[in-house]
Amino acid sequence: MKKTLVLILTTILMVSCYAFTAKAAPGKNVKLIIEGNSSRIISESYSVNTSTATGVLLEIDSMENRISLTISSSAYGSYLTGVNGETSGSKGTNSGWMIKVNGVAPSVGIDSIPINDGDTILLYFADMYAQNPVPDYSRIEEGIISFSSEDTTYDSSWNPIVSTNPVVGATVKWYTGENTFSTYTTDSNGEITIAEEELTEGFHRVAIEKYNAEGANIAIRLADDEGVTISGQSREPQGSGENQSENNEEPAGGEEEEPGNTVDAGDSLFILIAVAVLSAAGMAVSRNKRKTA
């Protein structure tokens, strides 16, 4: 019986090697965030195989039903002109789709932007001089939150220059409940001071927005879960704490095996290995079929 099992196992190993060889090389993982002028469109991670921003965006566009990207060509290369019907220039001549990779605005077209594993791509519709607010909660005990932005300008040779500036005149929403909030306006230092009675214990979501006279976004919105927790008395953890899992035990005993079909420990090991390899090979072939379908 061992000879038969060895033959079966060898065959399975050959099949599994073919299956794993036939798989496409693993791609790089990237995160894509798209911010429309008035709301977030998508925030999702993808596995891609291309290496430039243009290639990655076209690849994601082909697999993602929630977005429709319009990429145009010019003498200077490709550029994004629309997402889900929201087109460049619709909120003033300086409005359009911008791109940042890992928080930095490149000084080249999307054809020349390299994309690496782990990169975050941000596409946002805004005025070309829009800021990217970053909240500072270090003085929250005093009720103070400040907002600053690393703004990118370019010198005469189109080299990027990054400077940190306050976000002035923006509307900040301080949430005191799921759908209730108070509004504040940032001062010349990019700060707001929250009323003492609103500094209640627990998590408070924070949102920010700012638009120019033509309606274009000039302060990129924060993540939907952005906020700060105000400390207070210890709170009981949520949930019942009960163990919901069941302890399922197999019944003792069972039918006796006929002497001729008894499998010893050595044969059992071969069988276990064969089953494991066969299972892995089946999953690999299945995944490969889905990718090539």
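As the structure is a prediction and not an experimental result, all values here were calculated from the model. Here, residue 1 is the first one in the sequence, and each next residue gets the next number. Both backbone and side-chain heavy atoms feed into the values below; hydrogens, waters and symmetry mates do not.
Between the side chain of Tyr124 and the backbone N or O of Ile33, no donor-acceptor pair lies under 3.5 Å. With hydrogens and angles disregarded, no donor-acceptor distance shorter than 3.5 Å links the side chain of Thr120 to the backbone of Lys31. Between the Thr54 side chain and the Asp111 main chain, a donor and an acceptor come within less than 3.5 Å of each other. Between the side chain of Asn84 and the main chain of Arg66, a donor-acceptor pair closer than 3.5 Å is present.
Residue pairs satisfying the ring-ring contact (aromatic ring centres under 6.0 Å, His included) criterion with at least one member in residues 138-169, sequence neighbours excluded, are listed as follows: Tyr154-Trp158.
The two residues Ile113 and Pro106 make their nearest non-hydrogen contact at CD1-CG, 3.5 Å. Of all non-hydrogen atoms in Asn165 and Gln131, the two that sit nearest each other are CB-NE2, 4.1 Å.
No hydrogens or angles considered: nothing links the side chains of Glu59 and Tyr46 as a donor-acceptor pair under 3.5 Å. Judged by distance alone, the side chains of Thr153 and Asp151 never bring a donor and an acceptor atom under 3.5 Å apart. If you check the side chains of Asn217 and Asn37, you find no donor sitting under 3.5 Å from an acceptor.
Taken to the nearest 0.5 Å, the CZ atom of Arg221 stands 6.5 Å off from the OG atom of Ser38. Once rounded to the nearest 0.5 Å, the distance linking CG of Leu58 with CD1 of Ile110 reads 7.5 Å.
Of the options His204, Glu198, Glu197, a side chain to side chain donor-acceptor pair (under 3.5 Å) to Thr200 is made by His204 and by none of the others. Remark: of the listed residues Thr183, Thr186, Thr185, Thr186 is the sole one forming a side-chain contact (heavy atoms from CB on, under 4.5 Å) with Ile192.
Residues that satisfy the side-chain contact (heavy atoms from CB on, under 4.5 Å) test with Asn159, not counting sequence neighbours, are Asp155, Ser157.
Residues Trp174 and Phe181 keep their aromatic ring centres 6.0 Å or farther apart.
At least one side-chain heavy atom of Ile140 sits under 4.5 Å from a side-chain heavy atom of Ile194.
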